[in-house]
Structure formats: structure tokens, C-alpha cells
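Below: one structure, written as C-alpha cells.
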Amino acid sequence: MENGGKLNIYNSLSRTREVFEPLNPPHVGLYVCGPTVYGEAHLGHARPAVTFDLLFRYLSHLGYKVRYVRNITDVGHLESDADEGEDKILKKARLEQIEPMEVVQHYSNLYHKNMEQLNVLPPSIEPQASGHIIEQQQLVEKILENGYAYERNGSVYFDVMKYHSKYNYGKLSGRVLEDLIANTRELEGQQEKRNSVDFALWKRAEPAHLMRWPSKWGEGFPGWHLECSAMSTKYLGEVFDIHGGGIDLLFPHHECEIAQSVAASGKDAVRYWMHNNMVTINGQKMGKSLHNFITLNELFEGRHDLLERPYHPMIIRFFMLQANYRSTIDFSNEALQAAEKGFDRLMNAVETIKKIEPAETSSWDAGEFIQNCYTAMNDDLNTPVVISHLFEATRFINSAAEGKDTITADDLARLKEHFRMFIFDILGLQQKEGRHGELDEKLINTILQIRQEAKERKDFETADKIRDELQKLGVEVRDVKGGFEWDIK
RNA sequence: GGUCGCGUGGCCGAGUGGCUAGGCAGGGGUCUGCAAAACCUCGUACGGCGGUUCGAAUCCGCCCGCGACCUCCA
């Protein structure tokens with residue numbers, strides 16, 4: 001019972017917290033909507049990546065065998081709901097005069113690099129939409145056979161009204177179909193559809209369109225909701241446990257995925273829907289179309305007008321984990337710098353814990369600490385509360401290291417193990433790697449040794465000068481009993 | 001306009017009927033040659049107005065403000 005009961009997760013479908021029970025324990029199928037690789041990854045991409053990395057890590061920690069599928073969208077998303085827009089990838093490729101797949105490769109590589117910097121584990125399978133055209137065509141055929149789609153001029157559309165007559169279109173997003181129809185704007189290219197709410201499963205390619213594949217309906221490309229349905233079915237089965245993604249995908253993307261799956265197999269594919277909330281900047285959603293986004297590279301390097309300085313990827317990860325994944329999180333220099341100090345404090349405690357000498361008795365309850373962390377994690381991944389318990393442990397660790405608190409050898413071993421486990425294995429944090437080499441270290445130690453000797457001569461003028469000069473270079477010196485410690489900030 | 005959500009101390013951010021998370025910043029103190037770090041300590045907040053209740057930041061109603069989705073979006 002050390003893990004504090006069962007994992008509860010908030011299911012967007014029921015709008016309540018539910019106990020998580022996998023379909024086929026100990027296996028868990030997890031599918032998350034990945035990036036569209038036609039631009040650099042920005043802060044917004046980091047949120048779902050970190051959120052579901054946390055889930056992946058925690059489920060694995062609990063002993064589940066997780067197959068985590070996160071797709072790469074490299075084809076098929078259209079520019080407008082009129083279905084007349086160019087394929088996004090294609091548009092960018094023309095702009096830069098290179099091959100579409102070259103754009104895909106370039107930004108996929110960048111994405112992977114950023115994810116590694118954030119210590120986001122690679123998924124078990126990372127399928128690309130362009131590699132699953134046949135599966136998507138088969139899905140279209142199945143929906144056609146079942147009578148929930150129709151063909152028009154080489155395109156195939158999903159018949160939402162027909163679907164809704166038997167099932168419930170809108171159950172995930174709470175949309176009312178009649179309202180949707182009444183509120184739909186009149187747009188070009190709607191003539192082919194029976195109804196404005198219908199969406200493309202397969203889209204005819206115009207002559208200039210480069211990304212195209214042959215099909216029984218003519219040359220074209222898959223509709224923009226189809227890949228997730230096709231690929232999740234292929235790798236996780238017709239019914240699987242968890243589907244995650246940004247809350248902005250809830251409608252229409254995930255609503256349409258539900259409709260596609262039900263129309264194809266008669267079954268609801270997803271048992272638990274999970275949605276992370278948005279990242280905002282100055283209170284407004286960060287987005288490509290709003291032109292207010294900060295890319296991860298800009299953030300890590302400090303290259304952006306809104307940034308006072310660079311922020312280490314671990315600060316970004318820690319900052320995100322200080323808010324619940326279902327809340328919006330607002331970025332500011334002040335907030336990031338506060339997170340950085342807190343993060344450093346936590347990391348220092350990881351070192352300090354090694355210095356604690358065991359005692360006969362414990363003045364602190366290590367078991368309660370561990371229990372509290374698990375309870376918070378099980379409460380819909382409540383990482384802010386987990387972190388608050390880690391800080392409480394930090395205070396104890398610092399105090400015990402100074403001999404003001406005591407802990408038995410047994411408790412100390414448990415504390416050490418779990419403190420590190422929650423920080424590194426579950427929250428996925430890691431020490432900021434020192435930006436200094438062996439030579440730097442030796443030089444600094446040599447200089448500080450000289451300072452130490454000056455101090456012993458009571459030559460405080462020299463000692464202070466050395467400390468001030470090192471401070472200017474970013475080396476923080478701390479005097480401890482009979483010696484010194486330092487860190488590069 | 002429709003649907004959904006939010007408004008917590010200087011800032012960030014948990015909590016969701018009684019037991020006043022946590023971090024950052026700030027005040028005071030201990031330690032220190034002085035600092036830094038660490039530790040101790042202080043600050044009693046929940047948009048407004050009503051209502052339910054013995055008791056509400058937490059439930060209900062209305063109002064105000066903000067945001068998301070309804071169009072590509074993480």
C-alpha cells in the first residue's frame with residue numbers, strides 16, 4: 001500500500017475523475033497526438049510532451065507495460081475547413097523551395113532534439129502519417145461500406161448527420177449538432193458536402209499538389225482526422241486505454257476521431273480521454289496563428305524579445321510540473337526565475353542528503369512523505385502537490401544535514417531512494433549539467449584554495465576580492481566549516 | 001452569438017464545506033570576519049452582491065472581469 005491507492009485520472013468524456021483500470025492489465029495502450037512538423041517546436045508543444053511523458057513514466061513506475069504511441073503528422077492537415085487549402089507541409093515546402101519530406105525530416109529532427117533536452121522519453125512507436133496511407137485508405141473504405149461516408153468528385157466525406165441519427169456526435173465536446181449546423185459559416189468549397197459539418201476522410205489532390213497518393217477514388221491525400229484513428233487502431237487495437245492531446249484538439253479533431261472509429265468498427269476506441277491545457281503568454285494563448293509563440297530553441301538560448309535571459313530546459317519542465325496539466329499556465333520572466341530558484345534548491349537537496357548522518361531516532365516521518373507523494377500522483381497526476389512535499393522534505397534534509405533534525409538509518413535509506421525516485425524517475429527532472437570542464441574545476445579549486453589561505457591569515461580584503469571577482473564570472477562561492485563550496489550559475 | 005472553463009496574499013500556484021499546500025519575492029532573527037547558502041520566524045488571501053448551512057475560498061443564484069473552443073493549432 002505504499003503507492004497510496006489507485007491512480008485516478010480525469011476523463012474528458014465523463015468530465016469526472018475515474019479510477020484507471022486498464023483493459024488488458026498489465027498492458028496499457030497510450031496514444032498521444034504529436035506535432036505537425038512544418039515548423040520549430042514551441043512552448044505549446046512542450047506541454048503535452050511533458051504531461052504525457054509524466055503519465056508514461058508513472059504508469060511504467062506502477063508496473064504497467066505501456067505501449068506509448070505518439071504520431072508525427074507530416075501530411076494531410078489542411079489549411080481551412082473548406083478543404084480547399086494546400087497541404088500545410090506542401091505550402092511550407094514551396095516557400096522554401098525544397099522537398100516536402102525534407103521539411104518533415106528537418107523539423108522532426110529539431111523536435112526530437114528539443115524533446116531530449118526536456119528529458120522527454122521517446123515513445124514506444126512514433127508513426128508518421130505518410131507511412132500509413134494504405135491503413136488510412138482501408139479505414140475510409142470501411143466507413144464507406146458501413147454507409148457513414150459518401151464520395152464526391154474524388155473526395156470522400158464523413159456523413160455526420162447519418163452518423164448522428166444512430167450515435168451521438170458531440171458527446172466528447174458537448175457540442176449540439178443542430179447548433180453547429182446553424183452556426184457554421186458559409187465557406188467556399190462546401191458544395192461537395194451534404195452538410196457543412198461533414199468532414200473529409202479522403203481529399204482529391206489538385207494538379208499542383210505534390211503530396212499525393214493513388215486511391216480507388218483518384219489521386220489524393222488523407223483527411224486531417226484520419227491518421228490518428230488509423231494508426232491507433234493499427235498499433236493499439238480497436239479499443240485501447242488512453243488517448244491524450246491538447247485541449248484545443250478536443251473539438252473537432254477528437255470528436256471526429258470518435259465518430260470515425262465508431263463508424264468503422266461500431267466501438268468506442270478510447271476508454272480515457274485526457275487533455276492538457278494551454279500555455280499562455282501574457283494571459284493569451286500561444287499559437288502559430290497568433291504570432292506570439294516562443295520556440296523552444298529561443299527559450300533555451302534566450303533569443304526572444306520577451307525573454308530577459310535563457311532558461312535551461314529543466315527549468316521549463318519544472319515550471320510546467322508546478323502547475324496541474326489541466327490548468328492553463330502563464331509564462332513570464334518572473335515566474336520562470338522563481339521556478340529556477342526553487343529547482344536549484346531541490347537539486348541542492350539531492351546533494352545535501354548524502355551528508356546526513358543516521359541517528360537513533362527519526363524526528364520526521366519518511367513513510368508519510370512517501371505516502372503523500374503517491375497520493376498526489378494518484379490524484380490525476382497532481383505534480384504541484386508532489387513538488388510541495390518534495391520541498392517539505394528539502395527543508396528536513398537541510399535541517400538534518402546541519403544536525404538540527406534526526407533520522408534513523410532505515411528511514412534515511414527510504415528517504416534517499418524515494419526522494420531521488422520522484423524527482424528523477426517520475427517527474428523526469430535531471431541535474432543541469434555543469435557547463436565546466438575538468439580544467440575549470442581545477443582552476444576554481446586552486447583559486448579558492450588560495451582564498452582559503454588568505455582567510456586563515458585574516459586577509460579578508462584578498463579573500464573578498466577573489467569571491468567578488470568569481471561572482472562576476474558566475475561562480476557562486478559558499479563558505480562551509482573549514483572549507484568552501486561553489487557552483488556555476 | 002453558442003458551448004466550456006477560470007478569477008486565491010506582491011508574483012506563480014494547490015486546495016474545493018470546518019483542521020489557514022508549496023515555491024519566489026519581502027520584513028525580522030540565528031549562523032558567518034563580512035557575505036552567500038541553510039535554518040527559524042512574520043505576513044491570514046480567496047472578483048462583487050445575495051442565498052443555503054451551526055460553519056463557505058469551497059455549494060446555489062445573479063453580476064463583473066478574463067480565457068478557450070466553435071477555423072489550422074499542443
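Since this is a predicted model, take the numbers as computed values, not measurements. Quick note on labels: first sequence line is chain A, next is B, and so on, each numbered from 1.
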With the threshold set at 4.0 Å, does a side-chain nitrogen-carboxylate oxygen contact exist between [X] and [Y]?
X	Y	result
D479(A)	R451(A)	yes
D179(A)	R175(A)	no
E340(A)	R345(A)	no

Taking only N and O in the side chain of [X], is any of them less than 4.0 Å away from OP1 or OP2 of [N]?
X	N	answer
K341(A)	rA25(B)	yes
T36(A)	rA74(B)	yes
S388(A)	rG13(B)	no
R326(A)	rC6(B)	no

Taking N and O atoms by type only, does the side chain of [X] place a donor or acceptor under 3.5 Å from a partner on the base of [N]?
X	N	answer
R467(A)	rA35(B)	yes
D479(A)	rC34(B)	yes
D464(A)	rG33(B)	yes

So which nucleotide from [options] ends up closest to the side chain of [X]?
X	options	answer
E476(A)	rC70(B), rA21(B), rA37(B)	rA37(B)
F391(A)	rC12(B), rG23(B), rA74(B)	rG23(B)
V279(A)	rG33(B), rA38(B), rA74(B)	rA74(B)
N324(A)	rC39(B), rA74(B), rA14(B)	rA14(B)
A323(A)	rA74(B), rA36(B), rG13(B)	rG13(B)
P384(A)	rC24(B), rA37(B), rG13(B)	rG13(B)
A338(A)	rG33(B), rC24(B), rC73(B)	rC24(B)
R478(A)	rC39(B), rA36(B), rC73(B)	rA36(B)
A335(A)	rA14(B), rG23(B), rC12(B)	rC12(B)
R395(A)	rC40(B), rG15(B), rC12(B)	rC40(B)

Roughly how far apart, to the nearest Å, are [N] and [M] at atom [atom1]?
N	M	atom1	answer
rA36(B)	rC24(B)	P	15 Å
rG15(B)	rU8(B)	P	14 Å
rG10(B)	rG51(B)	P	28 Å
rC64(B)	rG27(B)	C1'	35 Å
rG47(B)	rG67(B)	C1'	15 Å
rC42(B)	rG48(B)	P	27 Å
rG28(B)	rA35(B)	P	13 Å
rA14(B)	rG22(B)	C1'	8 Å

Please state how far atom [atom1] in [X] lies from atom [atom2] in [N], giving the value in whole angstrom units.
X	N	atom1	atom2	result
R15(A)	rG5(B)	CZ	C1'	10 Å
R70(A)	rA74(B)	CZ	C1'	11 Å
L429(A)	rG23(B)	CG	P	16 Å
F460(A)	rA35(B)	CZ	C1'	12 Å
N382(A)	rG23(B)	CG	C1'	15 Å
N71(A)	rC73(B)	CG	P	11 Å
F369(A)	rG22(B)	CZ	P	15 Å
H253(A)	rC70(B)	NE2	P	13 Å

When all nucleic acid strands are considered with a 4.0 Å heavy-atom cut-off, which category describes [X]: base, sugar-phosphate, or nothing?
X	result
L250(A)	nothing
T280(A)	nothing
G44(A)	base
E392(A)	sugar-phosphate

* V176(A) or Q322(A), whichever maps to the more 5' nucleotide of RNA chain B ->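 Final value for this comparison: V176(A).
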
* Starting at the 5' end of RNA chain B, which residue's closest nucleotide do you reach first, C33(A) or Y325(A)? -> Y325(A)

* Check the side chains of S388(A) and E392(A) for a donor-acceptor pair under 3.5 angstrom, ignoring hydrogens and angles. => no

* Asked: Would D380(A) and Y325(A) count as having a side-chain donor-acceptor pair, cut-off 3.5 Å?
  -> yes

Could you check whether the rings of [X] and [Y] sit parallel, tilted or perpendicular, using 30° and 60° as the cut-offs?
X	Y	result
F331(A)	F319(A)	perpendicular
F369(A)	F419(A)	tilted
Y169(A)	F251(A)	perpendicular
F396(A)	W364(A)	parallel

* To do: Kindly check if the number of other-residue, nucleotide or ligand heavy atoms within 6.0 Å of CD (E126(A)) is above 12?
  =>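 More than 12 heavy atoms, drawn from other residues, nucleotides or ligands, come within 6.0 Å of this atom.
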
* Asked: Is a side-chain N or O of E298(A) found less than 3.5 angstrom from the main chain of T295(A), in a donor-acceptor match?
  ->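 Present.
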
* Intra- and inter-strand pairs of RNA chain B in dot-bracket (Watson-Crick or G-U wobble, both distances under 3.5 Å; | for another strand) -> (((((((..(((.....[...))).(((((.......)))))....(((((..]....))))))))))))....

